[in-house]
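Comments concern the structure below.
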Amino acid sequence: MARFTDANLATALEIVSRYPIAKSATIPLLHLAQEQDGYVTDDAMEHIAELVGTTPAQVLGTCSFYEMFKREPVGRYAINICTNIACQIMGGEELLHHAEEKLGIRSGSTTPDGLFTVEDVECIAACTEAPCLQVNYRYRHRITHEEFDQLVDDLAAGRLDDEVPPHGTLARVRQHIPADRAAGVADPTVNVEPVWLAIAAAEEGGDGK
Amino acid sequence: MTVTDAPKIVTSRWDLDDGHTIERYLETGGYEGLRAALAKAPADVTEEVKSASLLGRGGAGFPAGVKWGFCPPGVFPRYLVVNGDESEPGTYKDRILMERDPHQLIEGILIACYAVGCSQAFLYVRGEMALAQERIAQALNDAYAAGYVGKNICGTDFSLDIVLHWGAGAYIVGEETALIESLEGNRGMPRLKPPFFPAAKGLYMQPTIVNNVETLSNLPWILTNGGAAFAALGAENSKGTRIFAVSGHVKNPGVYEVEFGVTTFRDLIYAPVYGGGIRGGHELKAFIPGGASAPWLYPEHLDTPLEAATVGKLGTMLGSGAVVVFDETTDMVKAALRLVRFFARESCGKCTPCREGTSWLEMILERILDGHGRPEDLNLLMDVADNISVGLAWPPTQTTICPLGQSATSPIASAVMRFRDEFEAYLGGPAEMTVEVKGAAFVGKPTPTVQDLSLETTADV
Ligand SMILES: Cc1cc2nc3c(=O)[nH]c(=O)nc-3n(C[C@H](O)[C@H](O)[C@H](O)COP(=O)(O)O)c2cc1C
Ligand code: SF4
């Protein structure tokens, strides 16, 4: 399995339809592929290339630039520990070392049971809540070593399944633009002034005379 | 100490559990700024924003109303791209604005697009911010259903689709031209300016306004209360209020909206309602005033107001409103390494000085910290930095396509020039240095204060 399922294909087409140029949907579709399979497969990149009208090499080029896209399987739970400046001075590096000990793996690798991947990451915008981490992009603020152990145990036991979906799933709420409310995409090749500007300009002209 | 009673302009709903819902938003004055805007001509809305002197909150501090005027006349469609990629180390405000008050941002987007004449808006949220993406998706769905977004907004001729877009982990994508490349489905590598100033040649080579999340979140208040009410707050060029994240070794790390231009670093770090002072038994050593890219400041600068031009005179910047506080326990060599490693990892690789320079800086610092440093390493660090940003001046000189490269020289020049003894301790003895620096924040100990600098200026005249 790796090309989009029928349900995901429908979602993919809806996403593509929002952009004036289909290729803009590349990153959202890579996320959709990662949500489906837990990582981005070669077949998915080929399917995306077909959907956005580009080549698989172009899709791979984009995919490989971004930290969040994994091209091999990772753990069900990706634990990202911030070690950037605000976390570093508040114990982020110690937290990372503790995580490595607790899980028995080095940063950047996955536990043999396929449950956890741990990585040290750059600033995740929670600087006043240091040290902090994310599990599958869900935050944990001001976390102690004991709380880390508890978190790992809870995740392994499935106690946080409601809050933390498996790796690959980001937002669980999607945007939908209802057809009867849509303003429509703005085609970059058609030079027309937006109607509200044109009307305002006409009124301005009228008033002036 | 001054803690002014300025109103909360952008954080007024942060304490509400349901501030992100459309119901609560409408109960608390939501979409009134949009209605006020729609009652005016688009050009008058721009004038209102100009009169507020709203400076961009993304880092560069460019006046929003002025930027909107840069779109070439007669060229359509125009696009708005919202920069929600917040990733400058120390910066923590846009994420909260998106999570706790997504409708305020949506309303700001609508006001900007109406004024500028943008036919479609793209809200680019950082990939790692799952909750922000969920909250914005829900808010957009609700706002479409309620008639605030989409076709014929509030029954007028104004129509706009706002598309939620999300990234996938790359700091450089926060740079506006890289943001556009990424939004076009490419690797997030910056474009050369000129010719690719977004307002002229942006998304799909069309005129494009890129604004930060906090910048746009100010617009509903400005349109509801008037640009003059906004400009009545603050001082000199820095009007209104502004959000600062105070992190590191303070008693109350937190995100605070304060009056811009008049509140000082001392207020922000020491006032009981803000940072509350340095954590028990410790003292202030240094602080980063505006994110990882900003040269550092020291205890003698505490009384400087949070005013863009004044802080600029000191040879640094307020950047993205990120104040990171270090107490005397901080190893400044380690801090410099962590900051440089960030830039080395995040360099997109397009320009040689940035790609090679940042990794060499990282490797030399690692060698010093491992105890294998050579006496000439101090000068070597500064020489590499001087090659990335010639003269180590402020504002920095640029040898690269975007400012990321030169940003990496700020922590190096700050740490080496002010804490040379800490480097020498690792090197095991005194080290010679011949590289000259121009930036006021880099000249050593004590680093000049605003008072010193204005004295110098008067003496020159
Ligand atoms: C390396 C780099 C990273 C940047 N990151 C961000 C960012 O994360 N968010 C942001 O709003 N602006 C960021 N900027 C600034 C943007 O290029 C741009 O100036 C800003 O989004 C314009 O919005 P404003 O005028 O409303 O501030 C960055 C700039 C550079 C050079
Ligand atoms: S300065 Fe660095 S990040 Fe910016 S374009 Fe050049 S290589 Fe890329």
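Here is how names work: the chains are called A, B, and so on, in the same order as the sequence lines, proteins then strands, and each is numbered from 1. Just so you know, these numbers use all the heavy atoms, side chains as well, and skip hydrogens, waters and symmetry mates.
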Original post:
Judged by modelled atom types alone, do A:H176 and B:Y144 share a side-chain donor-acceptor pair under 3.5 Å?
Top reply: no
**OP:** Kindly assign one of parallel, tilted or perpendicular to the pair B:H165 and A:Y19, based on the angle between their ring planes and the thresholds 30° and 60°.
**Re:** perpendicular
Subject >> Check: A:Y139 side chain, B:L131 main-chain N or O, donor-acceptor pair, under 3.5 Å >> reply: no
Subject >> Distance-minimising heavy-atom pair for A:R181 and B:G147 >> reply: NH2-CA, 3.6 Å
**OP:** Just give me the residue among A:I15, A:V173, A:T189 that pairs up with chain B most often, heavy atom to heavy atom, under 4.5 Å.
**Re:** A:V173
Subject >> 4.5 Å side-chain heavy-atom contact, A:P194 and B:R78 >> reply: no
Subject >> Salt-bridge contact A:R138-B:E128 (side-chain N to carboxylate O under 4.0 Å) >> reply: no
**OP:** Below 4.5 Å from any heavy atom of chain A, which atoms of B:L164 appear? Answer side chain, backbone, both or neither.
**Re:** both
**OP:** State, yes or no, whether a side-chain contact exists between B:F158 and A:V195 at a heavy-atom distance under 4.5 Å.
**Re:** no
**OP:** Can you tell which part of B:Q206 gets under 4.5 Å to a heavy atom of chain A, answering side chain, backbone, both or neither?
**Re:** side chain
Subject >> Selection from B:P77, B:C118, B:S119 maximising heavy-atom pairs under 4.5 Å formed with chain A >> reply: B:P77
Subject >> Residue pair A:S24 / B:Y204, side-chain donor-acceptor N/O under 3.5 Å >> reply: yes
Original post:
For the side chain of B:D161 and the backbone of A:A182, is there at least one donor-acceptor N/O pair under 3.5 Å apart?
Top reply: no
Original post:
By ring-ring contact (aromatic ring centres under 6.0 Å, His included), which residues pair with A:Y137, not counting sequence neighbours?
Top reply: none
Subject >> Residue part contacting chain A, namely of B:I172, when any heavy atom lies under 4.5 Å >> reply: side chain
Original post:
For the atom pair NZ (B:K334) and CD (A:E93), what is the distance rounded to the nearest 0.5 Å?
Top reply: 7.5 Å
Original post:
When only pairs under 4.5 Å are counted, which of B:K151, B:E346, B:E86 shares the most heavy-atom pairs with chain A?
Top reply: B:K151
**OP:** Working to the nearest 0.5 Å, report the span between OH of B:Y171 and CD of A:E67.
**Re:** 15.0 Å
**OP:** Select one option (side chain, backbone, both, neither) describing which atoms of A:D187 are under 4.5 Å from chain B's heavy atoms.
**Re:** backbone
**OP:** First locate atom CG of B:L140, then atom CD1 of A:I177, and finally report the distance between them rounded to the nearest 0.5 Å.
**Re:** 8.0 Å
Subject >> Region of A:P178 in contact with chain B, defined by heavy-atom distances below 4.5 Å >> reply: side chain
Original post:
chain A: which of B:A145, B:S87, B:G90 shares the most heavy-atom pairs with it under 4.5 Å?
Top reply: B:G90
Original post:
Any idea which of B:G349, B:A170, B:G254, B:C348 has the most non-hydrogen atom pairs under 4.5 angstrom with chain A?
Top reply: B:G254
Original post:
Atom CG of B:D157 and atom CG of A:L197: how far apart are they, to the nearest 0.5 Å?
Top reply: 11.0 Å
Subject >> Residues of residues 181-188 of chain B near chain A, each having a heavy atom less than 4.5 Å away >> reply: B:S182, B:L183, B:E184, B:G185, B:N186, B:R187, B:G188
Original post:
Would you say the side chain of B:Q120 lies within less than 4.5 Å of the side chain of A:P20, judging by non-hydrogen atoms?
Top reply: yes
Original post:
Heavy atoms, side chains only, cut-off 4.5 Å: are A:M90 and B:H249 in contact?
Top reply: yes
**OP:** Go through the atoms of A:V121 and report whether side chain, backbone, both or neither lie under 4.5 Å from a heavy atom of chain B.
**Re:** backbone
Original post:
What option among B:N152, B:T330, B:V149 has the most heavy-atom pairs under 4.5 Å with chain A?
Top reply: B:V149
**OP:** Sort out for me which of A:Q34, A:Q88, A:Q58 touches chain B most, counting heavy-atom pairs under 4.5 Å.
**Re:** A:Q88
Original post:
Do B:R126 and A:M68 come close enough that some side-chain heavy atom pair is under 4.5 Å?
Top reply: no
Original post:
Once the angle between the rings of A:W196 and B:Y114 is folded into 0 to 90°, is it parallel (under 30°), tilted (30 to 60°) or perpendicular (over 60°)?
Top reply: parallel
**OP:** Please work out which of the three classes, parallel, tilted or perpendicular, describes the rings of B:W166 and A:H31, given edges at 30° and 60°.
**Re:** parallel
**OP:** Identify which of A:I199, A:N136, A:I89, A:L29 forms the greatest number of heavy-atom pairs closer than 4.5 Å to chain B.
**Re:** A:I89
Original post:
Between CD of B:Q133 and CG of A:L170, what distance do you get to the nearest 0.5 Å?
Top reply: 5.0 Å
Subject >> Choice from A:S64, A:A22, A:A25, A:A126 maximising heavy atom contacts with chain B below 4.5 Å >> reply: A:A126
**OP:** Taking only Lys NZ, Arg NE, NH1 and NH2, and the carboxylate oxygens of Asp or Glu, determine whether A:D120 and B:R345 approach each other closer than 4.0 Å.
**Re:** yes
Original post:
Would one find more than 12 heavy atoms of other residues, nucleotides or ligands at under 6.0 Å from atom CG of A:D42?
Top reply: no
Original post:
Is chain A contacted by the side chain of B:T91, its backbone, both, or neither, given a heavy-atom distance below 4.5 Å?
Top reply: backbone
Original post:
Using non-hydrogen atoms only, which part of A:T54 is less than 4.5 Å away from chain B: side chain, backbone, both, or neither?
Top reply: neither
Original post:
Is the count of non-hydrogen atoms from other residues, nucleotides or ligands lying under 6.0 Å from A:K23 atom NZ greater than 12?
Top reply: yes
Original post:
Between B:V163 and chain A, which part of the residue has a heavy atom less than 4.5 Å away: side chain, backbone, both or neither?
Top reply: both
**OP:** Between chain A and each of B:L339, B:V324, B:N252, count heavy-atom pairs under 4.5 Å; write down the option with the most.
**Re:** B:L339
Subject >> Min side-chain heavy-atom separation A:N191-B:F76 under 4.5 Å >> reply: yes
Original post:
Run the side-chain contact (heavy atoms from CB on, under 4.5 Å) check on A:T128 and B:V250 step by step: do they pass?
Top reply: CA-CA 10 Å; A:T128 62; B:V250 287; over 6 Å; no
**OP:** Mark yes or no for whether B:E134, through its side chain, and A:R172, through its backbone, hold a donor-acceptor pair below 3.5 Å.
**Re:** yes
Original post:
How many angstroms lie between atom OG1 of A:T83 and atom CZ of B:F342, to the nearest 0.5 angstrom?
Top reply: 11.0 Å
**OP:** Please state whether the side chain, the backbone, both or neither of A:V190 comes within less than 4.5 Å of a heavy atom of chain B.
**Re:** backbone
Subject >> Under 3.5 Å donor-acceptor, B:N141 side chain and A:R174 backbone >> reply: yes
